[in-house]
Chemist: 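Please see the structure below; I have some questions.
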Amino acid sequence: MKTKPYRAWQAKAACKGPQSLVFFPPPQFERKDDRLIREQRAKAICDGCSVQQDCLAHALQVKEQHGIWGGLNEKERRATPA
Ligand code: SF4
């Protein structure tokens, strides 16, 4: 099984632990209002994260398809130049 390479900045990620659940949609249907609240909670954690720029640069580079990375959701990342 192939694993993703570890990046040094990930050790300083503010989203490690149980709060990581708010960074990705749940497996079941999620209402728009619930998604907005979840994403706001995730983005607030990103705002206080010391590696936000590294995280966003990584997400843009590898074109992460899902979740909040570097304070942006997938739609916002698609509108951001790498
Ligand atoms: S910027 Fe957000 S998603 Fe990226 S490591 Fe920090 S808390 Fe996690």
Side-chain angles (χ1 to χ4, degrees):
M1 181 176 170
K2 188 173 181 180
T3 58
K4 291 185 177 181
Y6 176 79
R7 294 168 180 82
W9 59 264
Q10 292 177 318
K12 299 178 182 174
C15 54
K16 290 190 298 187
Q19 67 269 28
S20 64
L21 291 176
V22 299
F23 286 78
F24 296 95
Q28 71 277 11
F29 174 77
E30 181 178 42
R31 291 178 30 221
K32 183 178 179 181
D33 289 352
D34 293 335
R35 176 176 58 81
L36 291 174
I37 291 169
R38 178 182 56 75
E39 289 190 349
Q40 286 174 347
R41 291 176 61 200
K43 289 177 179 182
I45 295 171
C46 292
D47 284 347
C49 179
S50 65
V51 293
Q52 186 175 12
Q53 292 305 315
D54 292 319
C55 175
L56 180 57
H58 161 77
L60 293 174
Q61 181 183 17
V62 303
K63 296 181 172 40
E64 288 285 357
Q65 296 295 306
H66 305 286
I68 303 292
W69 291 77
L72 300 181
N73 65 25
E74 51 274 358
K75 185 176 180 181
E76 295 163 337
R77 288 195 303 278
R78 283 195 294 273
T80 302

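Keep in mind that the numbers below use all heavy atoms, side chains included, and drop hydrogens, waters and symmetry copies. None of the values given here were measured: they were computed from a predicted structure. One-based numbering, in listed order, for ligands and for the atoms of each.
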Chemist: Against heavy atoms of C15, which atoms of ligand 1 measure under 4.0 Å?
Modeler: 3 (S), 5 (S), 7 (S), 8 (Fe)
Chemist: Got a donor-acceptor contact below 3.5 angstrom from the Q19 side chain to the R41 backbone?
Modeler: no
Chemist: Can you list the ligand 1 atoms lying under 4.0 Å from a non-hydrogen atom of G70?
Modeler: 1 (S), 3 (S), 4 (Fe)
Chemist: Show the atoms of ligand 1 that are less than 4.0 angstrom away from any heavy atom in I68.
Modeler: 3 (S)
Chemist: Which of the numbered atoms in ligand 1 are under 4.0 angstrom from any heavy atom belonging to F23?
Modeler: 2 (Fe), 3 (S)
Chemist: Could you check whether any side-chain N or O of R77 sits under 3.5 Å from a backbone N or O of E64, counting only pairs where one atom can act as donor and the other as acceptor?
Modeler: yes
Chemist: Does W69 belong to the same Ile/Leu/Val/Met/Phe/Trp/Tyr cluster as L56, with side-chain heavy atoms less than 4.5 Å apart forming each link?
Modeler: no
Chemist: What is the nearest protein non-hydrogen atom to atom 6 (Fe) of ligand 1, stated with its residue, atom name and distance?
Modeler: C49 SG, 2.4 Å
Chemist: Please could you name the atoms of ligand 1 that Q52 approaches to less than 4.0 Å, counting only its heavy atoms?
Modeler: 1 (S)
Chemist: Is it the case that the side chain of E39 and the backbone of L36 share a donor-acceptor pair, with hydrogens and angles ignored and the cut-off at 3.5 Å?
Modeler: no
Chemist: For atom 8 (Fe) of ligand 1, decide whether C55 has an N, O or S atom at a distance under 2.8 Å.
Modeler: no
Chemist: Which atoms of ligand 1 have any heavy atom of A13 under 4.0 Å away?
Modeler: 5 (S)
Chemist: Is it true that a side-chain atom of Q10 and a backbone atom of R7 form a donor plus acceptor pair closer than 3.5 Å?
Modeler: yes
Chemist: Quick one: does ligand 1 sit under 4.0 Å from the side chain of L56, the backbone, both or neither, non-hydrogen atoms only?
Modeler: neither
Chemist: Confirm or rule out an N/O/S atom of C46, from backbone or side chain, lying less than 2.8 Å from atom 2 (Fe) of ligand 1.
Modeler: yes
Chemist: Considering all heavy atoms of both residues, which atom of A13 and which atom of C49 are nearest to each other, and what is their separation?
Modeler: CA-SG, 4.2 Å
Chemist: Give a yes or no on whether W9 and I68 share a hydrophobic cluster (residues Ile, Leu, Val, Met, Phe, Trp, Tyr; joining criterion: side-chain heavy atoms under 4.5 Å apart).
Modeler: yes
